[in-house]
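Report on the structure given below.
All chains are named by letter (A, B, ...) in the order of the sequence lines, taking the proteins before the strands, and each is independently numbered beginning at 1.
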Amino acid sequence: MAHYLPLHDWNVSPTEAVALQQQLRSQIRIEPLAEPPKTIAGCDISFNKFEETVYAGIVVLRLDTLETIEEAGVVSTAPFPYIPGLLSFREIPSLLQAWAKLSIEPDVVMFDGHGIAHPRRIGIASHAGLFLNRPTFGCGKSVLVGKFEEPAPERGSWSPMMHYREVIGAALRTKNKVNPVFVSPGHLIDLETAISLTLQCDGGRNGTGYRLPEPTRRAHNLVNALRKGERASTV
DNA sequence: GCGACAG
DNA sequence: ATCTTGTCGC
């Protein structure tokens with residue numbers, strides 16, 4: 001069973017959540033990877049509109065072949081609502097439950113959202129990185145904060161996301177002439193590596209895959225199947 | 001004060 | 001995020 005550090009309670013109010021982010025941000029380390037990764041995990045949650053029940057899942061794949069080597073899903077409940085800037089308080093609790101079911105401890109974890117490309121520099125990927133104590137990064141479909149110039153139309157090109165004069169992430173083209181995804185380091189990784197890993201997770205290899213990287217796509221498929229009862233939440 | 005606002 | 005069919009473009 002994969003483990004994590006119970007750094008703090010998740011039963012907090014929005015005001016307390018912001019205070020926790022302010023307190024935790026200083027612990028986030030943006031630096032090169034300590035070890036070359038062999039496995040990568042993707043996470044996601046799904047739910048029925050207006051319902052408390054959430055379906056969380058994590059898929060682990062080999063980085064070299066992108067073969068899925070493990071999956072874990074849970075049916076849980078999210079007491080916290082979605083509030084821009086506080087997404088981690090809604091999603092991380094149930095994702096940690098799924099994480100605990102893994103027999104493999106992934107070398108790096110990709111999140112559907114942002115890392116430091118956040119108003120207080122602690123988006124879901126950074127926050128989760130502190131709990132998991134391993135490299136994490138975010139790959140989101142839209143921007144929360146920051147400005148960027150449109151990157152060149154070819155896959156692989158990217159432009160920096162700027163916020164208050166700081167480079168917080170990158171608008172990265174994963175397919176030719178397709179809208180970019182937004183990559184930002186979470187914890188224990190740097191932007192260049194996060195970009196490289198995102199490009200490595202192209203399903204068809206070299207641009208023949210989808211806009212979203214495989215870890216995220218598979219996690220998304222897993223939780224949706226879970227929600228629709230097409231799959232059981234692994235025990 | 002007025003908008004913007006990850007999933 | 002979720003609810004949903006067709007449709008524009010390469």
Measure the distance from CZ on Phe148(A) to P on dA6(B) and round it to the nearest whole Å. 13 Å
Between Ser46(A) and dT2(C), does any side-chain N or O lie under 4.0 Å from OP1 or OP2? yes
Can you see whether Phe47(A) has Arg90(A) sitting over its ring - NZ or CZ less than 6.0 Å from the centre and within 45° of the normal? yes
What pairs of nitrogen or oxygen atoms, one from the protein and one from nucleotides 5-10 of chain C, lie under 3.5 Å apart?
none

Any chance you could measure Leu95(A), atom CG, to Phe131(A), atom CZ, to the nearest 0.5 Å? 12.0 Å
Quick one: stems for DNA chain C, with Watson-Crick or G-U pairs under 3.5 Å, at least three in a row? none
Identify whether any heavy atom of Gly123(A) sits under 4.0 Å from a base atom; if not, whether one sits that close to sugar-phosphate; answer base, sugar-phosphate or nothing. base
Out of dC3(C), dA6(B), dG7(B), minimum distance to the side chain of Arg227(A) belongs to dC3(C)
Pick one: which of Ser88(A), Pro93(A), Pro14(A) meets side chain to side chain contact (heavy atoms under 4.5 Å, CB included) with Phe80(A)? Pro14(A)
With the threshold set at 4.0 Å, does a side-chain nitrogen-carboxylate oxygen contact exist between Glu150(A) and Arg173(A)? yes
In whole angstroms, how far is the P atom of dA1(C) from the CG atom of Leu222(A)? 15 Å
Quick note, Asn224(A) side chain, CB onward, closest among dG7(B), dA6(B), dT2(C) is dT2(C)
Would you say that Met162(A) contacts Val167(A) through its side chain, given a criterion of any heavy-atom pair below 4.5 Å between the two side chains? yes
Without swapping roles, check the side chain of Gln27(A) against the backbone of Leu130(A) for a donor-acceptor pair under 3.5 Å. no
Measuring from atom NE2 of His8(A) to atom CZ of Phe89(A), what distance do you get when rounded to the nearest 0.5 angstrom? 5.0 Å
Base, sugar-phosphate alone, or nothing: which one does Val143(A) contact when heavy atoms must sit under 4.0 Å apart? sugar-phosphate
Aromatic stack Tyr82(A)/dG7(B): centroid gap under 5.5 Å, interplanar angle under 30°: yes
Should Ile124(A) and Ile92(A) be marked as a side chain to side chain contact (heavy atoms under 4.5 Å, CB included) after you check the CA-CA gap, both sets of side-chain angles, and the distance that decides it? CA-CA 7 Å; Ile124(A) 188 169; Ile92(A) 291 182; 3.8 Å; yes
Pro84(A) has its side chain closest, among dC5(B), dT2(C), dA1(C), to dC5(B)
Once you apply a heavy-atom cut-off of 4.0 Å, does Gly138(A) come out as touching a base, just sugar-phosphate, or nothing? nothing
Quick one: Phe89(A) CZ to dA6(B) P, roughly how many Å, whole number? 17 Å
Give one of base, sugar-phosphate or nothing for Leu86(A), where a contact means two heavy atoms less than 4.0 Å apart. base
Distance check: side-chain N/O of His220(A) vs OP1/OP2 of dA1(C), anything under 4.0 Å? yes
Is any NZ, NE, NH1 or NH2 atom of the basic residue among Asp112(A) and Lys141(A) found under 4.0 Å from an Asp or Glu carboxylate oxygen of the other? yes
Sugar-phosphate only, base, or nothing, as touched by Ile45(A) at under 4.0 Å among non-hydrogen atoms: nothing
